[in-house]
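Since the structure comes first, as structure tokens, the remarks are kept for the end.
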Amino acid sequence: IGLFGGVQGLNLLIGIVRNKITAYLLGPSGIGLINIYNKVVGLIGQATNLGLSFSAVKYVAELSESTDHVQRDKLIDTVRMWCLLTAALGFLAGLFLAPWISLWTFGNYGYTPTFCIISLIVAMSAIMGGEIAILKGLKRLKKVAIISIFAAVATLLTCIPFYYYWGVNGVVGALVASNAVVLAIHIHFSSKVAPWRRSIATINSIKAGSPMVKLGIAYIVAGIFGQGADYIILAFIQNNGGLDYVGLYNTGFFLAVSMGAILFSAVEADFFPRLSSLVHDVKRANMTINRQIKACVHLATPFLILEVLAMPFMVQLLYTKEFSQASSMAICAIFYLFFRAFILPIAYLPLAKGDSKTYLLAEVIYDVFIAIAIPTAFATYGLVGAGCALSLAGLFDLLFISIYYRTKYKFKFTKPPVWSYLLQFALLGVSVYASLQLSNPWGRWGISAVALSASLYIAYKELNSEMALLETITRKIKKTDS
């Protein structure tokens, strides 16, 4: 965890530097164009890669400790063969769909050649996914971390010259060139562990991969709906606002959602294994989930209030003045992360029980909701409406899974902490109102500072009492054992 925490931090720092330079050189329209191309690559890739980057890890891992190296090497050949097939499938699908994607995204066929070129990235991504799956399955996680760092640096160094010399016209070249370099990095490091062999293309290798494909397909549906919903949102904004608004929307989304997600990933590092070990005991599972919710809410809310207070400065620091409109959207979307503090611990329930169908159903329903809500809100209220729709989507998701999982898994919230949750929500709401409605900066900062102080006090009291309870239980357990 320490290794990957450091890698994530370094990659985030490199990503921030890349975003800053890209924003300066290309502006909102360039950021918007990059995000549209990446979303198209993700959508086509998700529909054609058969989930191999996920399912292959399981099968390779099962043979990673085996002394039968011949069998292991055959499986690796099978993974690579299937990834090459999905790469070809993704490339051909991209060529076939290019005219329609151009029409749906930009209202004309003028971008058809561009999307044909973009199809190369779909193919490269499929091969990279296979190489990473092989390394993960073989438990060469240090190699995975090294590849991640080299890929981030290579992307930065490859893209910037294209943006500097050709501006927006260099976006496609930058994406293709950077992905080609990153693919070379993947193959270089993975080949040292599992060299490529000429004999991978056999009928037997295709047949041997069928169980792996069946497992991966089960997760394709959620990916397609997720990527599809994001693409629908970006295409709608492009057709009704233009590329500048696409760039501003993605900036607001990054500031409000992606930055906060890092906090949750740190808090939940060991939660899933703990829940999985006691998921069949309803009472203990409910207690564990409610404790996790308590920790997430009280750790997240002060962070969110601070983020609201600093949002205008964050836009200036991470982007440029041209992106200032994204600040209001990000502030309006901040409640999305507050609701996610409740959602994430509950959402692990079906995964812990091995009930992938229920998990996929919840994901699909959420994706359909945002694909309708965000375009509708943007059409009526612009970027601020899109931010409010994101917060509404978080509330919808919370209500849906809490009601549905109560029926299916007998999950329920414990009553004592509810008042503290309401207080935290109110304090976040006061900070959002002050930031959006008060013109006097001293008033905005003063009210938000008071809200932040109160939130920190509540978080300290609630989490301190939780720690005291855990210490008491631990002492009793030790006395019993002795």
Side-chain angles (χ1 to χ4, degrees), residues 1-12 14 45 49-87 124-155 182-197 199-200 205 208-220 223 262 264-277 279 348 351-352 354 356 359:
I1 294 173
L3 171 65
F4 280 94
V7 170
Q8 283 184 340
L10 182 58
N11 283 341
L12 177 63
I14 295 170
N49 66 18
L50 304 182
L52 292 175
S53 61
F54 163 78
S55 61
V57 177
K58 175 182 181 296
Y59 284 90
V60 174
E62 289 175 354
L63 293 178
S64 63
E65 304 296 335
S66 174
T67 56
D68 189 350
H69 296 299
V70 173
Q71 195 65 25
R72 186 194 66 185
D73 291 343
K74 284 182 178 179
L75 178 59
I76 291 172
D77 289 346
T78 297
V79 172
R80 283 175 168 154
M81 179 61 198
W82 272 98
C83 286
L84 289 173
L85 289 173
T86 58
M124 289 187 277
S125 298
I127 299 171
M128 285 187 276
E131 297 305 301
I132 286 295
I134 290 168
L135 290 175
K136 286 181 177 178
L138 294 174
K139 299 180 176 62
R140 302 301 178 91
L141 300 183
K142 189 175 181 180
K143 291 280 187 187
V144 174
I146 291 171
I147 288 173
S148 177
I149 295 171
F150 273 85
V153 174
T155 301
V182 171
L183 173 61
I185 291 170
H186 279 70
I187 293 176
H188 171 75
F189 283 100
S190 65
S191 295
K192 289 184 175 181
V193 177
W196 278 69
R197 304 192 303 175
S199 59
I200 66 171
S205 65
S210 57
M212 184 169 56
V213 172
K214 289 177 182 177
L215 177 64
I217 286 176
Y219 289 85
I220 289 177
I262 298 169
F264 292 132
S265 66
V267 172
E268 303 202 345
D270 67 334
F271 174 65
F272 181 61
R274 282 192 287 118
L275 180 61
S276 299
S277 66
V279 72
Y348 277 109
L351 293 176
S356 59
Y359 176 79

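Values reported hereafter were calculated over all heavy atoms of this structure, with side chains retained and with hydrogens, waters and symmetry mates removed.
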Problem set entry | Stepwise side chain to side chain contact (heavy atoms under 4.5 Å, CB included) test for I134 and S190 | CA-CA 8 Å; I134 290 168; S190 65; 5.9 Å; no
Problem set entry | Check: S53 and K136 side chains under 4.5 Å, non-hydrogen atoms | no
Seminar exercise, completed: Between the CG atom in L50 and the CG atom in L85, the distance rounded to the nearest 0.5 Å is 9.0 Å
For this session: Using modelled atom types only, decide if a donor and an acceptor are shared between the side chain of T86 and the backbone of W82 within a distance under 3.5 Å.
Result: yes
Seminar exercise, completed: Separation between CD1 (I146) and NZ (K143), nearest 0.5 Å, reads 6.0 Å
For this session: Evaluate whether atom CZ of F189 has more than 12 neighbouring non-hydrogen atoms of other residues, nucleotides or ligands under 6.0 angstrom away.
Result: yes
Problem set entry | For the student: nearest non-hydrogen atoms of A194 and I76, plus distance | CB-CD1, 3.9 Å
Problem set entry | Atom pair CG/NE2 of L183 and H188 - distance to nearest 0.5 Å | 13.0 Å
Seminar exercise, completed: For K139 and A61 the tightest heavy-atom approach is NZ-O, 3.8 Å
Exercise. Step by step, would you call V60 with V79 a side chain to side chain contact (heavy atoms under 4.5 Å, CB included)?
Worked result: CA-CA 9 Å; V60 174; V79 172; 4.1 Å; yes
Problem set entry | Derivation of the side chain to side chain contact (heavy atoms under 4.5 Å, CB included) call for I132 and V57 | CA-CA 9 Å; I132 286 295; V57 177; over 6 Å; no
Problem set entry | Side chain to side chain, L135 and I147, heavy atoms closer than 4.5 Å | yes
Problem set entry | Side chain proximity check, I187 to W196, heavy atoms < 4.5 angstrom | yes
Exercise. Rounded to the nearest 0.5 Å, what separation is found between the CD atom of E131 and the CZ atom of R80?
Worked result: 4.0 Å
For this session: Report the distance from atom CG of N49 to atom CD1 of I127, rounding to the nearest 0.5 Å.
Result: 12.5 Å
Seminar exercise, completed: Taken to the nearest 0.5 Å, the spacing of I185 CD1 from I149 CD1 works out to 11.5 Å
Seminar exercise, completed: On a heavy-atom basis, the closest approach of I14 and A152 is CG2-O, 3.6 Å
